[in-house]
There are 2 protein chains.
Amino acid sequence: MAQKVKLSTIAESLGLSTATISLALRDSPLVAADTRDKIKEQARALGYIYNRRAASLRTSRSGIVGVVFHDVMNPFYGEILKAIESELDRSRQTFILSNHYDSVEKQRTFIETLLQLGSDGIIMSPAIGTPIEDMTLAEENGMPAILVARSMDGVDMPTYRGDDSYGISLATNHLISLGHRTIAMVGGTDQTSTGRDRYQGYVNALRKAGIEVDPNLRIPGPRSKQGGFEAAVHFLSLPQKPTAAVCWNDLVAIGLMNGISRAGLVPGVDISVTGYDDLEEAAIATPALTTVSNGQAEVGRLAARALLDRLAGSHEPDGIHLIKPEMRIRQSTGPVRPRV
Amino acid sequence: MAQKVKLSTIAESLGLSTATISLALRDSPLVAADTRDKIKEQARALGYIYNRRAASLRTSRSGIVGVVFHDVMNPFYGEILKAIESELDRSRQTFILSNHYDSVEKQRTFIETLLQLGSDGIIMSPAIGTPIEDMTLAEENGMPAILVARSMDGVDMPTYRGDDSYGISLATNHLISLGHRTIAMVGGTDQTSTGRDRYQGYVNALRKAGIEVDPNLRIPGPRSKQGGFEAAVHFLSLPQKPTAAVCWNDLVAIGLMNGISRAGLVPGVDISVTGYDDLEEAAIATPALTTVSNGQAEVGRLAARALLDRLAGSHEPDGIHLIKPEMRIRQSTGPVRPRV
DNA sequence: CTGAAAGCGCTTACAG
DNA sequence: CTGAAAGCGCTTACAG
């Protein structure tokens with residue numbers, strides 16, 4: 001590796017000061033156009049690499065944004081991340097990603113790392129059980145936080161997520177309109193806002209239709225394909241013989257449909273199944289999954305924009321911003337057919 | 001936000017020098033044990049946050065490692081990333097992730113960003129068409145690179161990937177042993193080493209079994225579920241009426257099986273399908289997918305270890321390190337059954 | 001075992 | 001339009 005090229009290397013080679021070089025490379029109007037061109041040309045020729053650490057130490061802006069989710073391998077978060085990525089790219093901000101896997105410790109370690117790196121902000125879907133102190137730790141050290149997908153009680157930071165209660169009621173109403181009366185709810189946990197809100201929306205929709213709510217028709221827990229797959233046995237053996245399942249998300253729904261198929265029944269014919277999120281793969285599942293669009297792209301885009309705006313000095317309103325979900329009717333739901 | 005706490009804040013409050021504080025916080029044996037404890041206690045009490053940028057500027061080590069893949073939403077890369085993550089976590093290295101989506105420009109921008117941030121190294125699966133200069137740019141500026149999943153011609157950097165040619169021959173031989181003779185190959189592109197090597201392995205296996213290779217039985221292109229799903233139409237309309245498909249990866253295989261189901265045929269019975277990678281979801285697909293384990297966890301772990309070792313000073317051997325694939329026989333393959 | 005001082009590579013008032 | 005100088009917050013020889 002050749003001798004490190006820095007501002008002073010360029011300055012000396014051109015007989016100018018580092019101040020002029022610095023200004024020129026950042027297109028300051030203070031530098032004459034032809035001086036600027038000469039400097040840029042020379043920087044390229046010497047293979048100059050801008051040292052962001054040094055600049056950041058001086059300016060206390062790092063150009064780094066932290067993003068922490070439960071697990072990016074989950075396409076729901078993956079789709080949010082993609083939207084964040086493209087929005088940050090446009091503003092030349094680099095993001096650092098971490099999965100917390102709902103470990104509060106892992107999440108805190110990550111927040112501390114971001115603070116040490118001088119991260120300009122953080123976009124997060126907080127881990128289950130996140131203490132308020134961890135959130136204020138960020139804010140108090142000048143690192144604004146934006147929440148996505150999950151709300152946190154007692155925190156009025158800007159939060160972007162879908163209207164879960166309304167969305168799940170769309171799915172439930174759809175099944176009711178097809179004649180289903182014994183409808184199970186599969187997946188999700190009361191430990192997250194999405195779990196609570198979606199169960200509540202399901203309960204509300206049933207009540208509004210005059211259908212009695214049977215708590216035993218709830219199978220809480222599953223949140224992945226694997227989980228949905230395994231829940232199929234439980235679901236199929238429920239003594240109430242439900243004819244339909246409202247799933248907490250698409251992954252659970254797809255897993256459940258696979259499990260139902262393995263048992264020799266045909267999802268969408270023998271048993272109706274709805275998902276939630278409208279992941280890209282929902283449309284190509286077999287059968288194509290009836291689900292609720294949860295606006296991941298919108299959530300990611302708005303959250304990134306909110307953070308960028310805040311970094312630019314404007315203060316977006318705090319509190320929860322709900323994105324309106326929409327029904328996507330496909331082949332996994334159909335008219336009620338009695339269970340044998 | 002309170003006044004920023006730095007080393008000198010602690011030093012003054014205790015009547016010590018910043019040198020002592022710095023050493024104590026890093027557990028240097030040069031500092032007396034009780035002095036150290038007092039310092040650590042005070043640092044905590046004041047809410048001190050270590051400034052990595054300043055330290056990194058001084059030491060020229062950042063504790064940051066870059067990771068760039070085609071797309072982490074692809075579970076194949078996601079599984080590699082997980083292994084890298086857990087290995088780096090153990091060494092308290094932070095990773096910065098980027099998708100290149102096979103855009104050479106996006107990849108180069110990311111490499112430049114890493115250089116600016118003083119990244120200690122990079123683990124990458126190079127974008128299609130990556131010029132050698134982009135790789136040497138990293139190395140020449142003191143940022144060692146480790147390749148995963150894809151090889152690059154003319155580059156002898158350490159590379160960790162599966163033995164694609166051997167692996168696909170396992171899948172092909174399995175189908176041949178079930179009596180299949182008209183076997184299509186679906187997905188992949190000649191622009192990547194995996195695409196070339198897997199097609200070659202398929203061709204070799206057929207030849208060795210004395211089966212004539214029909215280039216029209218290759219359907220190149222698909223690399224995703226969506227792609228495999230769409231390829232089903234083409235596959236089913238092939239005049240040679242193949243009874244089995246060797247797919248380039250699990251995603252294509254799962255998509256293809258969905259497409260086959262939509263057409264009213266039963267994958268695993270009417271048409272045998274093999275995947276490649278053994279993603280977590282292969283086992284719960286319907287039918288459960290016969291596939292080839294590609295050792296993602298191993299690839300990620302070894303690549304991360306190789307980089308960490310290099311950072312620690314030891315020089316692992318350059319060149320390609322092949323991980324041995326293994327066959328996973330499930331329900332998506334069965335005895336040949338003539339196409340009608 | 002602890003301290004004084006230099007320096008990592010930038011940017012930013014301030015002068016001219 | 002350009003330059004001299006200070007300073008961001010650390011670490012690291014070097015002294016003692």
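This is a predicted model, so every value here is computed, not measured. A, B, ... follow the sequence lines: proteins, then strands. Residue 1 opens every chain.
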A.B. asks: Represent DNA chain D in dot-bracket notation, 5' to 3'. Only Watson-Crick or G-U wobble pairs with both distances under 3.5 Å count; pseudoknot-style crossings use [ ] and interstrand partners use |.
C.D. replies: |||.||||||||.|||
A.B. asks: Quick one: CG on B/Leu97 to OG1 on A/Thr94, what's the gap to the nearest 0.5 Å?
C.D. replies: 12.0 Å
A.B. asks: Using a heavy-atom distance cut-off of less than 4.0 Å, which residues of residues 36-46 of chain A contact DNA chain C?
C.D. replies: none
A.B. asks: Please report, rounded to the nearest Å, how far the P atom of D/dC10 is from the CG atom of B/Leu25.
C.D. replies: 9 Å
A.B. asks: Could you measure the distance from the CE atom of A/Met73 to the CE atom of B/Met73? Nearest 0.5 Å is fine.
C.D. replies: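 Rounded to the nearest 0.5 Å, the CE-CE separation comes out at 10.5 Å.
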A.B. asks: Could you tell me the separation between the CG atom of B/Leu23 and the C1' atom of C/dA4, rounded to a whole number of Å?
C.D. replies: 14 Å
A.B. asks: Measure the shortest side-chain to side-chain distance between A/Tyr160 and A/Ile146 over non-hydrogen atoms and say whether it is less than 4.5 angstrom.
C.D. replies: yes
A.B. asks: Using heavy atoms and a sub-4.0 Å distance, could you list which residues of residues 51-63 of chain A are near DNA chain C? By number, please.
C.D. replies: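 Nucleic-acid contacts, sorted: A/Asn51, A/Ala54, A/Ala55, A/Arg58, A/Thr59.
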A.B. asks: Scan A/Ala19 against the nucleic acid and name what it touches under 4.0 Å (heavy atoms): base, sugar-phosphate only, or nothing.
C.D. replies: base
A.B. asks: Nearest-Å distance, CD1 (B/Ile10) to C1' (D/dG9)?
C.D. replies: 12 Å
A.B. asks: Round to the nearest Å and state the distance from B/Ile21 atom CD1 to C/dT2 atom P.
C.D. replies: 10 Å
A.B. asks: Output yes when a side-chain donor or acceptor of A/Gln296 lies under 3.5 Å from a complementary backbone atom of A/Pro75, and no otherwise.
C.D. replies: no
A.B. asks: Nearest to the side chain of B/Tyr50 - C/dC10, D/dT11, D/dT12?
C.D. replies: D/dT11
A.B. asks: Side-chain N or O of B/Thr35 versus OP1/OP2 of C/dT2: is the shortest distance under 4.0 Å?
C.D. replies: yes
A.B. asks: Take atom CG of B/Leu7 and atom P of D/dT12, then tell me their distance rounded to the nearest Å.
C.D. replies: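 Whole-Å distance recorded here is 12 Å.
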A.B. asks: Would you classify B/Gly15 as touching base, sugar-phosphate or nothing, given that sugar-phosphate means primed atoms plus P, OP1 and OP2, and contacts are heavy atoms under 4.0 Å?
C.D. replies: sugar-phosphate
A.B. asks: Verify, without hydrogens or angle tests, whether A/Asp102 (side chain) and A/Ile128 (backbone) share a donor-acceptor contact under 3.5 angstrom.
C.D. replies: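 Flag set: sc A/Asp102 to bb A/Ile128 pair under 3.5 Å.
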A.B. asks: I need the NZ-C1' distance between A/Lys6 and C/dC10, as an integer number of Å.
C.D. replies: 11 Å
A.B. asks: Show the numbers, then the answer: is there a salt bridge (charged side-chain N to carboxylate O under 4.0 Å, His left out) between B/Asp71 and B/Arg223?
C.D. replies: CA-CA 12 Å; B/Asp71 183 359; B/Arg223 295 199 279 160; over 6 Å; no
A.B. asks: What is the distance, to the nearest angstrom, from the CG atom on B/Asp27 to the C1' atom on D/dT11?
C.D. replies: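 So the two atoms are 16 Å apart, to the nearest Å.
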A.B. asks: Any side-chain N or O of A/Ser17 under 4.0 Å from OP1/OP2 of D/dG3?
C.D. replies: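 For A/Ser17, the contact criterion (side-chain N or O under 4.0 Å from OP1 or OP2 of D/dG3) is met.
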